[in-house]
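Step one of this worksheet: look at the structure below.
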Amino acid sequence: MSQINLEITVHSCAGGQCKQKPDENNLGFGQYFTDHMFTMRWNKDKGWYDPRIEPYGPFSLTPATLVFHYGQAIFEGMKAYRGADDKIYFFRPKNNFARMSRSAERICMPLLAEDLALQGLKSLVSLDQEWVPRAEGATLYIRPVMIAVEPNVGLRAALDYLFFIIACPVGAYYPEGFKPTKIYVEDKYVRAVPGGVGEAKTAANYAASVLAQKEAKDKGFSEVLWLDGVERRFIEEVGTSNIFFVLDGELITPPLQGSILPGITRDSVLQLARSWGGKVSERAVSIDEVMVAAADGRLQESFGTGTAAVISPIGELTYQGRTVQINKGEAGPMSRRLYDELQAIQFGRQPDPFGWRVTI
Ligand SMILES: *Cc1c(COP(=O)(O)O)cnc(C)c1O
């Protein structure tokens, strides 16, 4: 996409609309929002226009706005980390905006002006830098979103869009230590099918997954493991994370073939593990292979990967009434090493051999 040069207009809250900051040791997830937000708009004739930073606050949209009816909405999830040197780091933010453009294409939205979005992100976090927590393990979670805002109830691609970025300080994901989860292998509902929208970070995927997640939670599980939508045999993802296995010493994750979300953490784990020299494969894994390997003691570890938790070790899998434990329900050495190494890079405690960090 061609370079777009637009000045970002800034209206700061300094005049008196600034908020009281929450207690950094009690942040939870997604409850508090910073003082400002970044917005920009797109119109079929004008392209991207009006990039601005304003005090965080409500939008005014008419009931006919397209996104309310047909769900033309995509989002991203990323973080800003405060280093021990007090600098603020982003982790591979260009990958998030590139992925957002790919999500946009899939649901007929305009490609994101990626450079302008990155500039908006940096300006926003710079203005709200006091909101990037200093408490151990806490981060600033960042949510870029694009929605169709044309008022029209006919089903077609909208002619007007709104892009915005909001940010919220969030607590450490593992306040009580690196705790493995109990996972329900879902064989009734599916998340995505080939040819569908599973590889796009589009709101519809998440609306469609809440029922399975709720039923699993009601049965005492943390998350569901999603099987492929055709045969319900091959493993795809876990909750809203990508999934990995350590099987006979080999690190394995399912390949990206259209129904799996291409996680940036997934890609980082693959690059990191390959740099360590072990055996790493992207290949199809069936639930039968996993259950047999677990019963034979050959399944050494399993974990989910995503921006929120980084690495989320899996301690137990339940499939069709049978439960297997993984590594006696404890986090394994590969999960721990990946978690420590990724966090060290993200928080700037360690050199960045892959060039993943971006400072403001
Ligand atoms: C966002 C997401 C992931 C993880 O992606 P990251 O870029 O690693 O945060 C994995 N699966 C699904 C379904 C997701 O929505």
Side-chain angles (χ1 to χ4, degrees), residues 21-38 53 56 75-100 114 117-144 165-178 201 240-242 263-272 275 303-312 335-360:
K21 292 190 183 59
D23 171 10
E24 277 200 5
N25 296 304
N26 210 351
L27 292 170
F29 188 90
Q31 307 170 57
Y32 305 102
F33 297 92
T34 67
D35 282 325
H36 300 93
M37 59 185 182
F38 173 77
I53 288 177
Y56 179 95
F75 67 96
E76 276 299 323
M78 59 211 291
K79 284 176 170 179
Y81 307 81
R82 187 180 291 277
D85 54 7
D86 219 38
K87 279 200 190 128
I88 293 167
Y89 299 105
F90 299 110
F91 185 71
R92 310 185 73 185
K94 291 182 182 177
N95 295 61
N96 289 93
F97 293 132
R99 180 169 70 191
M100 197 164 199
E114 294 169 30
L118 184 64
Q119 215 184 312
L121 170 74
K122 287 181 176 181
S123 309
L124 174 66
V125 176
S126 177
L127 190 60
D128 283 342
Q129 57 184 277
E130 277 311 305
W131 287 84
V132 183
R134 291 182 168 84
E136 177 68 28
T139 55
L140 185 73
Y141 184 77
I142 296 159
R143 172 52 57 87
I165 304 177
I166 55 175
C168 47
V170 300
Y173 202 86
Y174 298 105
E176 281 128 41
F178 200 44
K201 227 169 162 74
T240 56
S241 300
N242 295 113
I264 294 162
T265 319
R266 174 188 181 279
D267 181 70
S268 308
V269 162
L270 287 172
Q271 289 192 49
L272 205 50
S275 78
F303 54 88
T305 67
T307 295
V310 190
I311 302 288
S312 172
S335 312
R336 187 159 287 287
R337 185 177 176 195
L338 285 163
Y339 179 73
D340 290 344
E341 197 102 353
L342 278 168
Q343 290 273 95
I345 294 175
Q346 289 165 333
F347 281 93
R349 291 194 296 263
Q350 204 163 285
D352 177 25
F354 301 95
W356 287 337
R357 281 195 297 257
V358 171
T359 45
I360 289 182

Response to the item:
Closest non-hydrogen contact found for L27 with G171 is CB-N, 3.5 Å
Practice prompt. Please answer whether the main-chain N or O of G77 pairs with a side-chain N or O of N96 as donor and acceptor at a distance below 3.5 Å.
Written response: yes
Practice prompt. Side-chain contact test, heavy atoms from C-beta onward, threshold under 4.5 Å: evaluate it for V269 versus I311 and give yes or no.
Written response: yes
Worksheet entry | M100 and E114, any side-chain heavy atoms less than 4.5 Å apart | no
Worksheet item: Once you round to the nearest 0.5 Å, how far does CE of M78 lie from CD1 of I142?
Response: 5.5 Å
Worksheet item: Could you walk me through whether F347 and T139 pass the side chain to side chain contact (heavy atoms under 4.5 Å, CB included) check?
Response: CA-CA 9 Å; F347 281 93; T139 55; 3.6 Å; yes
Worksheet item: Taking only residues two or more places apart in sequence, or in another chain, which ones meet Y141 in a ring-ring contact (aromatic ring centres under 6.0 Å, His included)?
Response: F29
Item to complete: Return the orientation label for the Y56 and F33 ring planes: parallel under 30°, perpendicular over 60°, tilted otherwise.
Response: parallel
Worksheet item: Do NZ/NE/NH1/NH2 and the carboxylate oxygens of R99 and E76 come within less than 4.0 Å?
Response: yes
Discussion item. Given 3.5 Å as the limit, does a donor-acceptor pair link the side chain of S275 with the main chain of L272, or not?
Written reply: yes
Fill in: Non-hydrogen side-chain atoms of W131 and K21 separated by less than 4.5 Å
yes
Worksheet item: Got a donor-acceptor contact below 3.5 angstrom from the R82 side chain to the Q129 backbone?
Response: yes
Worksheet item: Distance-only, no hydrogens or angles: does the E24 side chain make a donor-acceptor pair with backbone N or O of R134 under 3.5 Å?
Response: yes
Worksheet entry | Closest non-hydrogen atom pair between A117 and I165, with its separation | O-CD1, 3.9 Å
Worksheet item: Between A135 and N25, which heavy-atom pair has the shortest distance, and what is it?
Response: CB-OD1, 3.7 Å
Worksheet item: Should I360 and F90 be marked as a side chain to side chain contact (heavy atoms under 4.5 Å, CB included) after you check the CA-CA gap, both sets of side-chain angles, and the distance that decides it?
Response: CA-CA 8 Å; I360 289 182; F90 299 110; 3.8 Å; yes
Response to the item:
In short, A308 meets Y173 closest at the heavy-atom pair O-CD1, 3.5 Å
Discussion item. Counting only heavy atoms from other residues, nucleotides and ligands, does the tally under 6.0 Å from NZ of K94 exceed 12?
Written reply: no
Worksheet item: Does the side chain to side chain contact (heavy atoms under 4.5 Å, CB included) test come out yes or no for D267 and R92, once each step is laid out?
Response: CA-CA 11 Å; D267 181 70; R92 310 185 73 185; 2.9 Å; yes
Worksheet item: Between N242 (side chain) and G263 (backbone), is there a donor-acceptor pair under 3.5 Å?
Response: yes
Response to the item:
Note: T34 and P169 closest approach over all heavy atoms is CG2-CD, 4.3 Å
Worksheet, complete the sentence: Correct closest heavy-atom pair for A80 and V132 would be O-CG1, 4.1 Å
Worksheet item: Quick one: OG1 on T307 to CD on Q346, what's the gap to the nearest 0.5 Å?
Response: 8.0 Å
Worksheet entry | Side chains of S123 and F38 in contact at under 4.5 Å (non-hydrogen atoms) | no
Discussion item. So does A344 get a backbone contact from the side chain of Q350, meaning a donor-acceptor N/O pair under 3.5 Å?
Written reply: no
Fill in: Worked verdict on T305 versus V310 for side chain to side chain contact (heavy atoms under 4.5 Å, CB included)
CA-CA 5 Å; T305 67; V310 190; over 6 Å; no
Worksheet item: Hey, does the side chain of D352 reach the backbone of R357 with a donor-acceptor pair shorter than 3.5 angstrom?
Response: yes
Worksheet entry | W356 and L342, any side-chain heavy atoms less than 4.5 Å apart | yes
Worksheet item: Can you check whether L118 reaches K122 side chain to side chain, under 4.5 Å on heavy atoms?
Response: yes
Item to complete: Could I get the full list of ring-ring contact (aromatic ring centres under 6.0 Å, His included) partners for Y339, not counting sequence neighbours?
Response: Y174, F178
Worksheet item: Quick one: CD1 on I53 to OG on S126, what's the gap to the nearest 0.5 Å?
Response: 8.5 Å
